[in-house]
2 protein chains.
Amino acid sequence: MPNRNLKLCGLNSFFDPQSIAVIGSLKEGYFGGYVVVKTLLKAGFAGGIYPVNPSYREVLGQKVYASIKEIPEKIDLALIIIGCRAVPGVLRECGEKGIRAVVVVSDGFAERDEEGTELQREMVEIARQAGIRIIGPNTAGIANPTKGFIPNPYEIGYEKVKEGPIAICAQTGMINPQAFPYGDLHYGVSKICDFGNKADVDECDMMEYLESDPATKVIALYLESIKDGQRFLKVSKRVTSKKPVLILKSGRTEQGAHISASHTGSLALNDRIFDAACKQSGIIRLESFRELFELPKIFAYQPLPKGNRLGIITFTGAVGVLAIDEGAKYGLSVPLLSPRTRKILDAIFPGLGKRIVDIGPPMAVVNDYMSIYYEILKTVTVDPCIDSIFNVIWTGSSGEFMEEYLKIYRGLQGNRKPIASWIYGPRVHYINEMTCQMEDLGFPVFPDIEMAIKALGTASQYAKTKGGNR
Amino acid sequence: MPNRNLKLCGLNSFFDPQSIAVIGSLKEGYFGGYVVVKTLLKAGFAGGIYPVNPSYREVLGQKVYASIKEIPEKIDLALIIIGCRAVPGVLRECGEKGIRAVVVVSDGFAERDEEGTELQREMVEIARQAGIRIIGPNTAGIANPTKGFIPNPYEIGYEKVKEGPIAICAQTGMINPQAFPYGDLHYGVSKICDFGNKADVDECDMMEYLESDPATKVIALYLESIKDGQRFLKVSKRVTSKKPVLILKSGRTEQGAHISASHTGSLALNDRIFDAACKQSGIIRLESFRELFELPKIFAYQPLPKGNRLGIITFTGAVGVLAIDEGAKYGLSVPLLSPRTRKILDAIFPGLGKRIVDIGPPMAVVNDYMSIYYEILKTVTVDPCIDSIFNVIWTGSSGEFMEEYLKIYRGLQGNRKPIASWIYGPRVHYINEMTCQMEDLGFPVFPDIEMAIKALGTASQYAKTKGGNR
């Protein structure tokens, strides 16, 4: 484990640098140093930007330096996007300049061939000697939306990533801004990190950094391999006791693991061992790529449930049945509502439900539907017999309830029980609009019934792990 | 099994009536007979529309009849939306009028209480005597988009449902137009049917009807119960030998089954028995509500694969690894591409891939990216070593490739191997736009990597079942 010696500096220089050197092509285009500088400027990064390229004198109004040594100021972070064979030399210069954090975007290392593997080894050796920490190589890089710090090497097509409590890190560039519509999201992100080949900085380093990052409330990871199993167990156990850690792990099958080894040059882990490790350390395991971006929302924006008792507000019995089936996977049970709640519901409309609250029947016949809806929500959300709420919303055929819905949900902000919503209706436009508005209010909306239930179920499991057995 | 005697007429009168009587409230509003008439007119239904209500003389330009008997023409189908206690009487009148198909939208039957259960029994008895078939009660009804026949009792907010080869039937109104955005879809539907309480017409009747319905190529079902296990086995085995049948079954858990019994008054089936039945009869089992609307697309619009060998075209290795892992669940394997393909790919760009074709690396550096993309697709789709293709598309940051993509995919229409696509990128707008365009060309796009793979995997399994062991 030679990389452990590299731990000379924390990761703060990566995510909160006062100055960044961008070493690579400054040609206008879709990829490269030019894009990094442009995206940093657009995102409003306040630190110093120092493009390095002997062929340019200025780019986008920024002075360009012929080499790293020529930069007069102190540099916290260097981002390298040059041919792989030139990387070791530049890395040495970084060391001489006193730079202690380097993102190597360049590919052609362990993921490619023997020569690349050797090159990666050389690079790590240089970094160790110089006390440099590396993210990458073969990475799409990092981001810290809070600081407008989006040094993305690919064109992204938008300016800002909304800041918020979710950190997303992965062994792939599929989580970086050019691949995911952060600009269109209604929830916020604290840090983004593509580990690339994980030659140095890995999942454990990142978990440790995020553990004490005040901007991060929940950590979502996509991994194909674990670099150090023992350390992973120790670190993840400690981190999950403070913040929920959600992991999507691929390379689960033999062929998947084999292919994974060839694309990032890393060794995959036996899946059963990993699964056991997750259970032991309280990690929440994800099952689809989309969950990586969806499930963290419940932890980021809603309180943890105090138990496993699920309340269901639906417009149709079938969704209630689906929710109960799904909830059972996570140990959720759907109890009888309190006598008080049942009495109130019955007074509102006979047969509204004793367990599942089905708004469908009154909706079809009652005129002042929204006042009923408000009463129902108000009553159910405070029922002492339930710990979390799966909330189904029907948009109406022309978004006619939107304003009233939002007024009601604004009144529910600050509720003490997590609410996960699923929205449906006959027009995509109104579903999307209602989803955005709800998430802007801090109520996470999930694209599937099953995912909403998984959110509440894993939140309940996590709360139990964190709080000890009840 | 008294209902078996009801099989006096086929279901054709339900889905292709020349005339419909609409019995219920004609008050303008969100729900009821008024909405049915309005929606039929808007959708361009060419048959006769006969509203029945003693308090009206005309509605929406249509003559209203005081009773069913007064209608001078022959009526193929009646749709009843009145208080449950009045249903038996009206049903008798329907019988006297010679109507043989009735949709009972009214609720308050077996799903409500003992009285309703008795009422339902009485209704079925009347129907049996009169040779009437019933869909419902407690149903949101049916639709046949091919005929502009959308007698929906709830306001839907759009006019047309695109006609196409997918039939969607369920024990819930969640599949009816007021609950699902059929009007915004880019794939077509042949029939929609909410069974409601399944007092008469059930999943087997519907499968038998759809078996010989030329407009239907694939059948998607949501069920909470099976009315007759023996018949279900027999019918589904025969139907799946002709058309794929996909079923989402809830009431899987004890609590789910219990609740299900209370909301449609039907008895749920032990889930393990059902699972065995699916395996035996070749039914494809679904796992989420969304799959009900997504998975049929591969069967509707793409050819069946000739084997289980999966080809992967991706922009990033991670998605390839996820696809391999997921494919293993369905027996898909990712083979080495043919020597010819590998040679061509290598000539296009060294390291494009021998198994997974990863367009990411060349995309970042090659200028004429689209011509490469075309060559790659052209080569991979005809590779004799693969039977189906998982195709990842990156939209670009500003939809800049859309036109060229579409030109290329237009050239791939009529390909002999199924292609399932997943689209990603940094802007929701372009992802949605590209998805619509692709589906308009007949290339199904799935919202998740995992669902795209499941589509190809179940298609491969179905092809194998249908073609016998290879």
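A note on names: the letters A, B, ... follow the listed sequences, proteins ahead of strands, and every chain is numbered from 1. Atom set for the values below is all heavy atoms of this structure, side chains included, hydrogens, waters and symmetry mates excluded.
Distance OH/B:Tyr30 to CD/A:Glu400: 8.0 Å, rounded to 0.5 Å. Atom CZ of A:Phe289 is separated from atom CH2 of B:Trp422 by 5.5 Å, given to the nearest 0.5 angstrom. For the atom pair A:Ser398 OG and B:Ile156 CD1, the distance stands at 12.0 Å (nearest 0.5 Å). We find the CD-CG distance between B:Glu294 and A:Asp448 to be 9.0 Å, quoted to the nearest 0.5 Å. A distance of 11.5 Å separates CD1 in A:Ile324 from CZ in B:Arg252, rounded to the nearest 0.5 Å. Distance check, rounded to the nearest 0.5 Å: OG of B:Ser397 to OH of A:Tyr158 gives 10.0 Å.
In terms of heavy-atom pairs under 4.5 Å with chain A, the best-connected choice from B:Ser288, B:Gly108, B:Gly29, B:Gly353 is B:Ser288. Counting heavy-atom pairs closer than 4.5 Å to chain B, the top residue among A:Val334, A:Ile449, A:Asp107 is A:Val334. For the set A:Ala170, A:Pro181, A:Gly173, the count of heavy-atom pairs under 4.5 angstrom toward chain B peaks at A:Pro181. Ranked by heavy-atom pairs shorter than 4.5 Å toward chain A, the options B:Tyr430, B:Phe31, B:Tyr424 are led by B:Tyr424.
Residue contact with chain A, scored on non-hydrogen atoms closer than 4.5 Å, involves the backbone of B:Phe180 exclusively. Proximity to chain A (any heavy atom under 4.5 Å) is restricted, for B:Val319, to the side chain, taken from C-beta onward. In this structure, no portion of A:Glu254 lies under 4.5 Å from any heavy atom of chain B. Interface remark: B:Glu155 contributes backbone and side-chain atoms alike to the contact with chain A (heavy atom separation under 4.5 Å). For a residue to count as touching a neighbouring chain, one of its non-hydrogen atoms must lie under 4.5 Å from one of that chain's; by this rule B:Leu185 does not touch chain A. For chain A, the nearby part of B:Glu287 is the backbone; its heavy atoms alone come within less than 4.5 Å. Of the two parts of B:Pro153, neither the backbone nor the side chain holds a non-hydrogen atom closer than 4.5 Å to a non-hydrogen atom of chain A.
In this structure a side-chain-to-backbone donor-acceptor pair under 3.5 Å is missing from B:Gln178 to A:Pro426.
By the salt bridge (Lys or Arg N to Asp or Glu O under 4.0 Å) test, B:Glu433 pairs with no residue at all, sequence neighbours left out. The salt bridge (Lys or Arg N to Asp or Glu O under 4.0 Å) test applied to A:Asp184 returns B:Arg427, not counting sequence neighbours.
Side-chain contact annotation: B:Thr253 with A:Asp325, donor-acceptor N/O pair under 3.5 Å present.
Between A:Val321 and B:Ser250, the closest heavy-atom pair is CG1-OG, 3.2 Å.
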> Yes or no on side-chain contact (heavy atoms from CB on, under 4.5 Å) for A:Leu322 and B:Leu248, after CA distance, side-chain angles and deciding distance?
Replying inline: CA-CA 10 Å; A:Leu322 286 165; B:Leu248 175 65; 4.0 Å; yes
> side-chain contact (heavy atoms from CB on, under 4.5 Å) between B:Asn432 and A:Val428: does it pass, once the steps are laid out?
Replying inline: CA-CA 11 Å; B:Asn432 291 346; A:Val428 168; over 6 Å; no
